Amino acid sequence: MFDFWRRALAFPLALLLFSLLLWVTAGALSALLFFSLFLLVRLFFHLYQLAQLERWLDDPEGQAAPDGKGLWEDVFARLNRMMRLHLKEREQHAAAMQHMEQATSALPEGVVILDDTYHIEWCNPLAEQHFGLDGARDIGQQITYLARQPEFVQYLSLHNFSEPLVLRGARQDGLTLSIKLIPYGESKRLLISRDITSFERIETIRRDFVANVSHELRTPLTVVNGFVETLLYMPNLENDMAHRSLQLMGEQTQRMERLVNDLLTLSKLDNALNALQEETVEVPALLHSLLNEGQSLSAGRHSLRLEMESGCNLLGNTAELRSAFGNLISNAIRYTPQGGEIVLRWQEKGQPVFSVQDSGLGIAPQHIPRLTERFYRVDLSRSRETGGTGLGLSIVKHVANRHQAQLVIASDEGKGSIFSVVFPGERRLYPKEGLNEQEYAIPV
Ligand code: ADP
């Protein structure tokens, strides 16, 4: 700074000193003329340098800053340095951006960056293919104007992004996408799409295989079971050993029949083409009938009770709900020792809830997250002894999913469990006075 002032003031001070000397030797007028003339020359010098700066500022990237003279030399040199640094940083930035774009383009997933109102800010080539976008033309457009599948629009409007959406027939027939929206930053959203067409095909083959095998096994099993029963009740079967063997054969074929039936039920529930057939499910009547079935299954070994705290019905499928609720009741009976208490409840806690509470064995916490996996059993021998297939809770979970309901399990090992199916409020139907039995009002 000191150097700047020294250099800046050197010329005016020298001029002033020289003019004062001139004043003493040649008079005031000559001194004033001399002083003004040199000041004018200095002024033009600075104007010239400013003009140079002005010209350079018109296109600072296309040309180097002028060399400048005196104080200006330093200023221009610093401007040149700043400009070089800026260009270098910009190049690095552009290279980093290009690198990022290349990396995201190479991703095996489609990526779209959206703002909080779902306007497209950027997308990679795979996302262009998946959603039929044009990265150059569609920036700034709302994605739902361009990808209009009702399931996709609904997925975005529901704001529940915990589970990915499986979108079938997206863009071209046969293309299946798994779509997930991830909020990030202040209000940005990342839309990730994955082509799961081949995975779906393999899943379909697997499902069809299980369904076909189960179907094929059904008839021979019924025949074998029939013969075993006939032989078992033959009046001249006196051999104890043969009797016992036939009894065991009968038990095992029945177990296989139950397995085959459960597998068939699961593959039907699993089939994406098998949409939920909705009707009015008269829950109170259904629960009374299930209570009777439970009582005969328990055969007086437990105390079974139904607490009907709500009279509402459901929009759903009666057969599927009967199977799911029936599985929960049968589990409560099978995993509760003699003398235990089982309570079935139908309540409205903001949402309709069916629950089965038992005072049975309970389940240790580490098993609870895995209970709905196929063939997962906490106690294999107890499950087998009581005629379990290991598929019951898997069926319950599928039925719940198809009704957008949640299966909630609360259990205390050694004390008992509560299995609840929590339905969304939109599925509740109220019987309305004045309407005949088949007509119900749907609450808004
Ligand atoms: P399973 O046919 O073996 O009963 P499920 O899928 O119905 O198969 O149940 C899975 C496992 O969860 C069972 O093997 C059992 O260990 C446990 N389970 C289910 N319901 C209960 C219950 N009410 N009390 C204790 N354990 C249970």
Side-chain angles (χ1 to χ4, degrees), residues 207 210 214 217 221 251-270 287 290-291 293-299 301-307 319-347 353-403 405-422:
R207 221 173 15 237
V210 174
S214 313
L217 282 175
L221 272 174
E251 278 168 22
Q252 291 308 314
T253 43
Q254 276 165 18
R255 200 170 97 74
M256 278 170 78
E257 268 187 328
R258 276 198 301 277
L259 250 173
V260 164
N261 286 340
D262 277 0
L263 281 171
L264 273 174
T265 309
L266 260 179
S267 53
K268 265 189 223 142
L269 294 173
D270 226 7
L287 294 186
L290 285 169
L291 176 72
E293 283 173 24
Q295 272 159 344
S296 61
L297 183 68
S298 157
R301 285 175 290 124
H302 309 92
S303 123
L304 256 84
R305 203 170 75 237
L306 171 61
E307 290 182 1
E320 289 187 17
L321 290 178
R322 169 180 276 278
S323 151
F325 293 175
N327 265 308
L328 293 180
I329 298 168
S330 132
N331 279 354
I333 294 169
R334 287 167 39 237
Y335 297 105
T336 301
Q338 185 153 1
E341 196 181 39
I342 293 161
V343 187
L344 320 184
R345 281 196 192 90
W346 181 230
Q347 298 165 292
V353 182
F354 168 72
S355 62
V356 182
Q357 179 172 7
D358 65 54
S359 60
L361 307 177
I363 306 152
Q366 70 271 23
H367 295 294
I368 293 182
R370 301 197 55 192
L371 287 185
T372 54
E373 287 174 22
R374 286 168 199 204
F375 299 112
Y376 188 85
R377 283 118 155 176
V378 178
D379 180 346
L380 183 63
S381 58
R382 176 144 191 126
S383 163
R384 289 225 169 115
E385 266 166 38
T386 54
T389 59
L391 296 172
L393 289 181
S394 210
I395 292 176
V396 177
K397 173 99 184 286
H398 269 79
V399 172
N401 280 349
R402 282 163 68 84
H403 288 79
Q406 274 191 313
L407 173 65
V408 182
I409 305 170
S411 190
D412 215 346
E413 201 177 4
K415 291 192 178 156
S417 319
I418 307 179
F419 285 76
S420 311
V421 187
V422 184

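Computed from a predicted structure; not experimentally measured. Any value given below was found using the heavy atoms of this structure, including those in side chains, with hydrogens, waters and symmetry copies removed. First listed ligand is number 1; within each ligand, the first listed atom is number 1.
Atoms of ligand 1 lying under 4.0 Å from any heavy atom of Thr389, numbered from 1 in the order shown and given with element: 2 (O). Taking a cut-off of under 4.0 Å to the non-hydrogen atoms of Val378, the atoms of ligand 1 that pass are 14 (O), 16 (O). Interface of Arg377 with ligand 1, defined as ligand atoms under 4.0 Å from a residue heavy atom, comprises 3 (O), 14 (O).
Using a 30° and 60° split on the angle between ring planes, Phe354 and Phe325 fall in the parallel class, below 30°.
Of the protein's non-hydrogen atoms, Ser383 OG, 2.5 Å is the one closest to atom 3 (O) of ligand 1. Distance from atom 21 (C) of ligand 1 to its nearest protein heavy atom, with residue and atom name: Tyr335 CD1, 3.5 Å. Leu393 N, 2.8 Å is the protein heavy atom nearest to atom 6 (O) of ligand 1. Among all non-hydrogen protein atoms, the one lying nearest atom 12 (O) of ligand 1 is Leu371 CD2, 3.3 Å. The nearest heavy-atom contact from the protein to atom 19 (C) of ligand 1 is Asn331 ND2, 3.6 Å. Of all protein heavy atoms, the one closest to atom 23 (N) of ligand 1 is Asp358 OD2, 2.9 Å.
When non-hydrogen atoms are compared, ligand 1 lies under 4.0 Å from the side chain of Arg334 (C-beta onward) but not from its backbone. By the criterion of a heavy-atom distance under 4.0 Å, the side chain of Ile363, and not its backbone, is placed next to ligand 1. Looking at Val356 against ligand 1, nothing comes within 4.0 Å, counting heavy atoms. The part of Tyr376 lying near ligand 1 is the backbone, judged by heavy-atom distances below 4.0 Å.
In this structure, Leu361 falls outside the shell of residues with a heavy atom less than 4.0 angstrom from ligand 1. The closest approach between any non-hydrogen atom of Gly360 and ligand 1 is not below 4.0 Å.
At most 12 non-hydrogen atoms from other residues, nucleotides or ligands lie less than 6.0 angstrom from CD of Gln406.
Taking each of Gly362, Gly390, Ser359 in turn, the one with a heavy atom nearest to atom 2 (O) of ligand 1 proves to be Gly390.
Nearest heavy atom pair, residue Gln295 against residue Leu304, reads NE2-O, 3.7 Å. Here the closest non-hydrogen pair linking Ser394 and Arg374 is OG-CG, 3.4 Å.
Under 3.5 Å, the side chains of Ser411 and Ser417 contain a donor-acceptor pair of N or O atoms.
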